[in-house]
Amino acid sequence: MPYLERDGDVFVLYLGNEGQTDSENRFHPDFIDAFHGLLDEVEASEGPAALVTVATGKFYSNGLDTDWLFGNYDRVHWYLDRVHSMFSRLLAFPMPTVAAINGHAFGAGAMLATSHDFRVMRGDRGYWCLPEVHLGMPFTVAMNALVTERLANQVALDAMTTGRRYGAAEAIAAGIVDEQAEADKVLAAAVTRAAALTANRKPNLPVIKRALHGRALAGLNTPTTPENLAFGA
Amino acid sequence: MPYLERDGDVFVLYLGNEGQTDSENRFHPDFIDAFHGLLDEVEASEGPAALVTVATGKFYSNGLDTDWLFGNYDRVHWYLDRVHSMFSRLLAFPMPTVAAINGHAFGAGAMLATSHDFRVMRGDRGYWCLPEVHLGMPFTVAMNALVTERLANQVALDAMTTGRRYGAAEAIAAGIVDEQAEADKVLAAAVTRAAALTANRKPNLPVIKRALHGRALAGLNTPTTPENLAFGA
Amino acid sequence: MPYLERDGDVFVLYLGNEGQTDSENRFHPDFIDAFHGLLDEVEASEGPAALVTVATGKFYSNGLDTDWLFGNYDRVHWYLDRVHSMFSRLLAFPMPTVAAINGHAFGAGAMLATSHDFRVMRGDRGYWCLPEVHLGMPFTVAMNALVTERLANQVALDAMTTGRRYGAAEAIAAGIVDEQAEADKVLAAAVTRAAALTANRKPNLPVIKRALHGRALAGLNTPTTPENLAFGA
């Protein structure tokens, strides 16, 4: 389960289990509840602040909890909307946000990173990747909106239709990631970037973000239904 | 008239007349019918596949068949919508698509290239260019949607309001084209790129593409009328 | 007050007071009226033409006239819509437009520059900056539309949520500005660029621009109200 630490005015939300270094950090419904609970805690703070998310080990997040999903497929639409709720909350989060991509960010895990204001990625290993095309999956209306509104059209096309794996340098060139750092300096670089922005935590910031991300948020708030999650048969 | 060849799992659709090397490959109504007929044939295939379009000689395509149009101006709206039908079909085509831009791609010919997933362009000669501004023409609602949704806003502005001619290096810098190759290697580079993507020909691919290009397709499916094709008088 | 000169077929609109070199060129209501009056004069010309805007000294424009606004806060919505009218008019102006950014372009002054077709910026000094986040201000619906439609999403996010100051090189890298020049050559570079485009002043140009900027113009024409100018309380 995710947990929270604090580095000065920067809240550091770890996506993995404390003490475990190779979790895939998939989005189990309980994970999502805990994630929102930690964000409640962060929001309840006062004064200058910023948020960094990170994990330890090989993965940032591998996204959907497919094990849980296969056993609960009757709840797939509910589940996907719960996943989307993390993205939409981050997009409009009332303080600066930075993802420290310490390892693989795949599928909904890549989208979680893209829902932050900025991204710092480990330079030597790890990929940002949307593998849905290889898995026979479409994107939900919400996920399509997030990716296509945040990235240049040709970048979204390359990512979404080829399942291309972006290392840090390629992700920066494509505008997916903002900065790279050595493996043991990713978190520090993200915290440094976040710390420089804590003073922007003011009432106007979420107003600016909601307007800036208006179309992405409209898509993310579209409930997933059997009709709009057609699998292209 | 366009014709079809096959290179492994890659269908190669030639825009020109077989054996003729300097055709401008303009979109006569019969050309458009033949183009759709060949795409029907490609779609009727089964298994891994991708599509490359190319021509031989100096031109990829010069776009609208102005000779035919001047003699059939009462059918201009019908004709333009037929041209748009090639763009919208390619945008959502149920397999990967690559344009091998062997020579000039002008006006609707440039838009045809932009309707593919990827573009490889001859490096030493040839331009991608939207000359409408110089010809006193507006863009249709459909064409405007295609260009503005696919390209960055400032790139679309530069292309559409100045008629700038982009050589391969400039087109790559602007995000209009993905790769360049020597003159006699353009087709091979496009086929190589397409061949690497044939396994993505699955039922979810056109679903992904239709969502990804949702706004462009909405524009492309807008019928051209005297009202929305106002010539700015 | 702004005034007009002419360099061949290029109209040069100065944002400052004639003979004064350190005006901040803020948008007093009288300034806006005069600006529109000069654009009327430019539009009344015939034949090939283009427009350059520039100022002298340290500032291009610091944007909103906060002194006037603080004394007339009951007219804030009317005032903001008057400011927006400059942006929307420039976006669809019936001839090529180039901003010669001779110095600081802040807030609505930065937006004025972004409303031109192209921008040439002084290389050694001066910033393009949206300081609203630091001032506790939101963006109007109109301003949000202009910035988010004209710039890449991540660039808009960086500019709007961090108040980042872009020097010329950074502004070019971000796609905010097209070209830089030495301090005493900014105007000449802008005039040269504009002069090369004067032949595009034809009836189809504003038609092309209105379509190309369709979403930005829809936003810019949204009247500012107490409801949509919520200050995020």
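Below, chains carry the letters A, B, ... as their sequence lines are ordered, and counting in each starts from 1. Model, not experiment: these values are computed from the prediction.
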Between B:R201 and chain A, with a heavy-atom cut-off of 4.5 Å, which part of the residue counts as in contact: side chain, backbone, both or neither? neither

Where does B:L197 contact chain A at under 4.5 Å (heavy atoms): side chain, backbone, both or neither? side chain

[atom1] ([X]) with more than 12 external heavy atoms under 6.0 Å:
| X | atom1 | result |
| --- | --- | --- |
| B:K202 | NZ | yes |
| B:K185 | NZ | no |
| B:E5 | CD | yes |
| B:R6 | CZ | yes |
| B:Y127 | OH | no |

Specify the closest pair of heavy atoms between [X] and [Y], including all atoms of both residues, with the distance to one decimal.
| X | Y | result |
| --- | --- | --- |
| B:N200 | A:T161 | ND2-O, 3.4 Å |
| B:A211 | A:N144 | O-ND2, 3.1 Å |
| B:V207 | A:P138 | CG1-CB, 3.8 Å |

Residues two or more places apart in sequence or in another chain: which of them pass side chain to side chain donor-acceptor pair (under 3.5 Å) with A:R193? A:E179

Heavy-atom contact with chain B under 4.5 Å, split by part of A:R215: side chain

Toward chain A: residues of residues 89-115 of chain B with heavy atoms under 4.5 Å: none

Taking only residues two or more places apart in sequence or in another chain, which ones pass ring pair (Phe, Tyr, Trp, His ring centres under 6.0 Å) with A:F35? none

Select all residues of residues 147-160 of chain A having any heavy atom within less than 4.5 Å of some heavy atom of chain B, and report them by number, or 'none'. A:T148, A:E149, A:N153, A:Q154, A:A156, A:L157, A:D158, A:M160

